[in-house]
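Data first, discussion second: the structure below is written as structure tokens.
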Number of protein chains: 2
Amino acid sequence: MLHDSLMDSGTQSPRPAQDIGTPDVGQRIRRLRKERGISLSELARRAGIGKATLSGLENGTRNPTLETLWAVTAQLGVPLTLALGTGPTIQGTAVEAVLLQVFEDEAVTYELYRLTIPAGSTQVSPAHHEGVTEHITVFAGVLSAGPQDAPLRAGAGEHLTWRSDVPHIYSAIGAQDVHASLLIRYPRH
Amino acid sequence: MLHDSLMDSGTQSPRPAQDIGTPDVGQRIRRLRKERGISLSELARRAGIGKATLSGLENGTRNPTLETLWAVTAQLGVPLTLALGTGPTIQGTAVEAVLLQVFEDEAVTYELYRLTIPAGSTQVSPAHHEGVTEHITVFAGVLSAGPQDAPLRAGAGEHLTWRSDVPHIYSAIGAQDVHASLLIRYPRH
DNA sequence: GACGGCCGTTCCGTAAACGGAACGGACGCA
DNA sequence: TGCGTCCGTTCCGTTTACGGAACGGCCGTC
């Protein structure tokens, strides 16, 4: 189901296939730390862990413990989620979609994605099964999305919904990357 | 900002204040495993880890390694995010809101939450600053939410938006818990 | 009611993540 | 130019998470 969604027909910028399953947590931690303008030593001290541990974590030479990650992310004031980056990413296409949550009840499955579309890119996805709907809320940029022959447009803060049982597209219009959340709703067929 | 949002005036079911920072990952893993109807031994074998390791993880007697968590969640087919639950959870209220993502650009901050409201519960939140808007997509249950004096209603698959610069409420109507995604949009003041 | 199969837990030796200390490098200053 | 301070990395002994094997418990079957 996950891979039915968005995988096909990207028209630009196939990004380097990074290893699923080994997200670079270290790089993210380092970036978060730098953003806050604090040194490795200082963060280690505040988090109550060794400098060696933090150094190894950031450089990816250690395989950190959950406890260690908690100590660090808590001190940085971010959810673990953010540091882990998380989730299977659909790749090799114009659109990057990171799966954040799956919710299932007896009748419906929902998948919630964090969506990034590089400026100027367009992606076409084939029709889903009947009854599948998509809901997008745009964070930034201008998005054109929906049925291929009649796409809708939304800017930051706006929301789109369409039935995705027809071929549909996602485009980032203008000079800005599009960031959005995408919810796909699959009724049990 | 995070704690301005939802913290106040819960009217029911203050949940036992579990430790932030030590979410019971083990319980979640165990639940996910049971849902799939597979045994501990089987999951350990598939994930390529020891039974002892998985047993310790589920019972919370070990402090698992990131690598171990990856192996298990990948095998369960869920994003790590889901197993960790995690992120700062706003508690002691009717609503449980788990922060999944924060997105900032020059003009706006977005916070994306996974929302759970127990059946029959109601929660009131005070007004936010002017310009703040909220966007909810309902996964399951029936939600009544929006300005306190004129709430809107949405069922599974539907979407609500309102300006949250007035006091607003969230209610789970009927016998079913409400699951939803909540996006809060904060323009730079 | 003995037996085999599978369950989840416990035991145990090994590998590795941990924190503290030592290290070399970069910078500011007398 | 020598000295003090702080940076991030490396070294090293200790702690602990790891997987394999052994264990007791619970059911089927014969």
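Each chain gets a letter, A, B and so on, in the order its sequence line appears, and its residues count up from 1.
- Both B:Leu32 and B:Val72 sit in one connected hydrophobic cluster of ILVMFWY residues. Membership requires side-chain heavy atoms under 4.5 Å apart, directly or through other members.
- Here the C1' atom of nucleotide D:dC18 and the CG atom of B:Asn63 are 12 Å apart, to the nearest Å.
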Distance-only donor-acceptor hits, side chain of residues 143-155 of chain A, under 3.5 Å, sequence neighbours excluded:
none

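- A:Ile49 comes within 4.0 angstrom of the backbone, heavy atoms only, and of no base.
- Near-neighbour residues of DNA chain D inside residues 37-47 of chain B, defined by a heavy atom below 4.0 Å, are absent.
- Panel note: side chain A:His179, backbone A:Asp177; no donor-acceptor pair is recorded below 3.5 Å.
- Along DNA chain C, the nucleotide closest to A:Gly48 and the one closest to B:Arg33 are compared, and the more 5′ of them pairs with B:Arg33.
- Exactly one of A:Leu160, A:Thr137, A:Ile136 qualifies for a side chain to side chain contact (heavy atoms under 4.5 Å, CB included) with A:Leu182. That residue is A:Ile136.
- In summary, contact between chain B and DNA chain C, defined as any nucleotide atom under 4.0 Å from a heavy atom of the protein, begins and ends at C:dC7 to C:dC11 in the 5' to 3' direction.
- Hydrophobic clustering (ILVMFWY, side-chain heavy atoms < 4.5 Å, transitive): A:Leu54 and A:Ile38 are in one cluster.
- The backbone N or O of A:Pro64 lies less than 3.5 Å from no partner atom in the side chain of A:Thr68, so there is not a single donor-acceptor pair.
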Note to self: For B:Arg33 and B:Glu58: C-alpha separation, side-chain torsions, deciding distance, then whether salt bridge (Lys or Arg N to Asp or Glu O under 4.0 Å) applies.
What the structure shows: CA-CA 10 Å; B:Arg33 176 171 66 76; B:Glu58 289 193 356; 2.7 Å; yes

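- A:Asn59 places its CG atom 14 Å from the C1' atom of D:dC7, with the value rounded to the nearest Å.
- Within the 4.0 angstrom heavy-atom criterion, base atoms lie near A:Thr53.
- At the phosphate of D:dA17, neither OP1 nor OP2 sits under 4.0 Å from any side-chain N or O atom of A:Arg62.
- Cluster membership check: A:Trp162 shares its hydrophobic cluster with A:Ile117, using side-chain heavy-atom separations under 4.5 Å among Ile, Leu, Val, Met, Phe, Trp and Tyr.
- Taking for each of A:Lys51 and B:Ala52 the nucleotide of DNA chain C with the nearest heavy atom, the 5'-most of the two is the partner of B:Ala52.
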